[in-house]
Amino acid sequence: MPNGSKTSSLYDRVSAKRLMADVEALSRWVRLSGTPEELEAFKYVQGQLKRAGCKTTLILHDAFISLPGPASLLVTVRSDETPTAIPCVTHSFSASTGDAAVSATACFAGDGTPADLECLRPGGKIAVVDGLATPDRVHAAERAGAAGLVCLNRDPLVHEMIVSPVWGSPARDDLDRLPKIPVVSVAATDGDRLREIVKRGAVWVHLRTQVDTGWRKTPILIGDLEGTVEDTFVMLAGHIDSWYKGAMDNGTANATMLEVARVLGGVKRYRGIRFAFWSGHSHGRYSGSTWYVDHHWTELNDRCVAHVNIDSVGGRGAVINTHAWAMPETAGLADRVIQEVAGQRFLGGRVGRAGDQSFLGVGLPSLLMSLSEQPADSSDASRDFNIRTGGATGGLGWWWHTTDDLPDKIDPEVLLRDAKIYVGIMHAFATAPVIPLDYAAAARAWLKALTDLPAAAGGYVDLKPVVAEARRLVTAADALARTARAVAARPTRQAARAVNAALMAMGRALIPVGYTAAGRFHHDPALEQHGAPLLAATRALGETAGDDARHLAVQAQRDMNAVRFALRQAADAAEMAVRDVKRPGRTRR
């Protein structure tokens, strides 16, 4: 990682003027996935990458894309009155009613939890709920028998959303998981009015939605800066497609990626940097990044040392740099760079199921997505984000996913700060002989997660072997960390190769079992996860009894076998690397 005068020199090369010029250029186009306008934006970015010295590849591939069209929401209190029209939008992958309407009585179902949705019984009603239109809410409404779903946003403009839980283009077996009901959203003022009408009871709602869903050709753009020593690379990735002009989401991220290419293009790199620009983020549930990992799995497994994600940076008033996603093994690097650039301590949050995070099955260490957020009490804060985060932050701003996501919502100084953070992180990954990953922290996180499992689960699954394996991993990872520090202080190519091979092998073992249920070659749905999915069954044993517990224990045992095996693989890799460095003639190729 850069330090001292070298750091200052590096950051001084980052230009707010160039960043804003790229944002303005990209904001010329409405970048719906698979449209000619989006392809023009891709070609602009490709030209800028070439000028920065990148070798570029533009890919066109088939993707299952859903573009929302017109929608209408009519409300009738009495059968003989003229319906009241409420402005609304429909969403990607909502069911389309076509010219007909879905008409039914409505009930107000609070936040859309299963308990709230009891008002739908015996079924066939339209649910009106508070909050953003999310796959979780749509899935819950469908299970409760809703004929349609109306989501009441709290911000002044309605947020465009995607409501399918299927990650990427659906395989044939995924088709029955696509939403089957029409879904619309209403902005704050109209939503407040509708909420009060529905609460009074005996209300009929008439929904019309038109959604264009099907296969389209969409682009992926790859830009490569080669390394000089290792045939590996760190990947910086973000989407180009957008809602409306998308200045912040995702024009600022694309501009930052271009600036990283310009600044680091002239720096001597130990390993390469790959810039990946996706389509299908907003309208295909991450179809671009999913296609890429499915078709480049082996190369990513063999050569990619980390995935750095970028989305919606530089927003006006976004002064918080503390809550972005990280893994234990990547959080330390984020903390060091963010302290250096922004003077803030990075708290981080667990990497979740959103934002083109399509690489967890491969086992790529991941860092960030959206980096900067609004204070909860800011006039620019999003009330919808504020509610969703329990009041922790105001999210990305009230203009996120709306017609007002325009260049005037970008603060050049905030964007400059965020871009410097990405430059510092990418410089560290690309130039450090030893990859800056902390698997001692990851090992301790695993030990804590396993020892925190409910004691009652031990009556069904023997946890002692997996806890013992976690303790062994902590010891092995600590030893590797000491070895890595010594190698970093006096690097040789052979010793660095041994340590780096172990770090990559540890990620390939631990990340898939820590962040996925589907495993290394498939994709979990875009639904919220709480902690490691493979620990869920064992955690639930603490609150289950009788035959239900016995059935649950079958799954828990299988999951514990997977976790134990992964911990063993990671410990083996760490121990082997320490031995190889001590006996350099035995270093693995």
Side-chain angles (χ1 to χ4, degrees), residues 305-306 325-336 346-351 360 363-367 432 434-455 457-458 461-489 495-496 498-516 520 530-536 538-539 542 556-557 559-583 588:
V305 301
W325 284 355
M327 296 177 176
E329 53 266 48
T330 59
L333 173 60
D335 184 41
R336 292 196 298 274
F346 181 67
L347 304 176
R350 178 180 168 82
V351 170
L360 299 172
L364 301 189
S366 185
L367 181 58
V434 174
I435 306 167
L437 296 170
D438 184 2
Y439 277 102
R444 282 179 169 74
W446 268 109
L447 180 59
K448 184 178 188 308
L450 291 166
T451 54
D452 283 349
L453 290 171
V461 178
D462 185 1
L463 299 177
K464 292 190 290 295
V466 71
V467 171
E469 205 69 65
R471 295 189 192 282
R472 176 190 166 218
L473 175 60
V474 169
T475 301
D478 282 343
L480 180 63
R482 291 191 295 271
T483 300
R485 287 193 293 271
V487 172
V499 172
N500 291 339
L503 293 170
M504 291 177 68
M506 293 173 81
R508 303 313 187 251
L510 296 175
I511 292 168
V513 296
Y515 294 88
T516 81
R520 298 201 70 192
H530 302 283
L534 293 192
L535 299 185
T538 307
R539 285 194 298 267
Q557 181 61 58
D559 291 345
M560 283 300 102
N561 290 341
V563 171
R564 183 182 177 190
F565 182 67
L567 297 177
R568 175 177 293 183
Q569 284 183 306
D572 287 347
E575 291 171 351
M576 180 70 76
V578 172
R579 290 195 297 268
D580 284 348
V581 172
K582 288 180 178 178
R583 295 179 292 174
R588 291 166 293 164

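None of the values given here were measured: they were computed from a predicted structure.
Between Thr483 and Arg579, every side-chain heavy-atom pair lies at or beyond the 4.5 Å cut-off. Looking at Arg336 and Leu333, their side chains come closer than 4.5 Å, going by heavy atoms from C-beta outward. Two residues are said to be in side-chain contact when any heavy atoms from C-beta on lie closer than 4.5 Å; Leu535 and Trp446 meet this criterion. Side-chain atoms of Leu437 and Val305, non-hydrogen and from C-beta on, never get closer than 4.5 Å to each other. Residues Leu567 and Arg472 form no side-chain contact, since every pair of their non-hydrogen atoms from C-beta on lies 4.5 Å or further apart. The closest side-chain heavy-atom distance from Asp572 to Met576 is not below 4.5 Å. Annotation: side chain of Glu575 is not in contact with side chain of Leu480 (no heavy-atom distance under 4.5 Å). Contact of the Val461 side chain with the Val466 side chain is not registered, since no non-hydrogen atoms from C-beta on lie closer than 4.5 Å.
Between Val487 and Ala496, the closest heavy-atom pair is CG1-N, 3.8 Å. Nearest heavy atom pair, residue Met327 against residue Pro365, reads SD-CA, 3.9 Å. When all heavy atoms of Met560 and Leu463 are compared, the pair lying nearest together is SD-CD2, 4.0 Å. Nearest heavy-atom pair, Leu503 versus Tyr439, reported as atom, atom and distance to 0.1 Å: O-CE1, 3.4 Å. When all heavy atoms are compared, the tightest approach of Thr330 to Ser366 is OG1-O, 2.8 Å. Smallest separation of non-hydrogen atoms from Pro512 and Gly363: CD-CA, 3.8 Å.
Here the side chain of Thr451 pairs a donor or acceptor atom with the backbone of Leu447 at under 3.5 angstrom.
With rounding to the nearest 0.5 Å, the separation of CD in Gln557 from CG in Asp462 is 8.0 Å. The distance from the CD1 atom of Ile511 to the CD atom of Glu329 is 5.0 Å, given to the nearest 0.5 Å. Between Asp559 atom CG and Arg564 atom CZ the span is 15.0 Å, to the nearest 0.5 Å.
The side-chain contact (heavy atoms from CB on, under 4.5 Å) test applied to Arg444 returns Ala440, Val474, Asp478, not counting sequence neighbours. With sequence neighbours excluded, no residue forms a salt bridge (charged side-chain N to carboxylate O under 4.0 Å, His left out) with Lys582. With sequence neighbours excluded, the residues that form a salt bridge (charged side-chain N to carboxylate O under 4.0 Å, His left out) with Asp335 are Arg345.
Surrounding CZ of Arg350 are more than 12 heavy atoms belonging to other residues, nucleotides or ligands, all under 6.0 Å away.
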task: Show your working on side chain to side chain contact (heavy atoms under 4.5 Å, CB included) between Val581 and Val499 and close with a plain yes or no.
output: CA-CA 8 Å; Val581 172; Val499 172; 4.0 Å; yes
Please assess Arg520 against Arg508 for the test side chain to side chain contact (heavy atoms under 4.5 Å, CB included), listing each intermediate value before the final yes or no. CA-CA 9 Å; Arg520 298 201 70 192; Arg508 303 313 187 251; 3.7 Å; yes
Between Met506 and Leu473, is the side chain to side chain contact (heavy atoms under 4.5 Å, CB included) condition met? List the steps.
CA-CA 10 Å; Met506 293 173 81; Leu473 175 60; 4.0 Å; yes
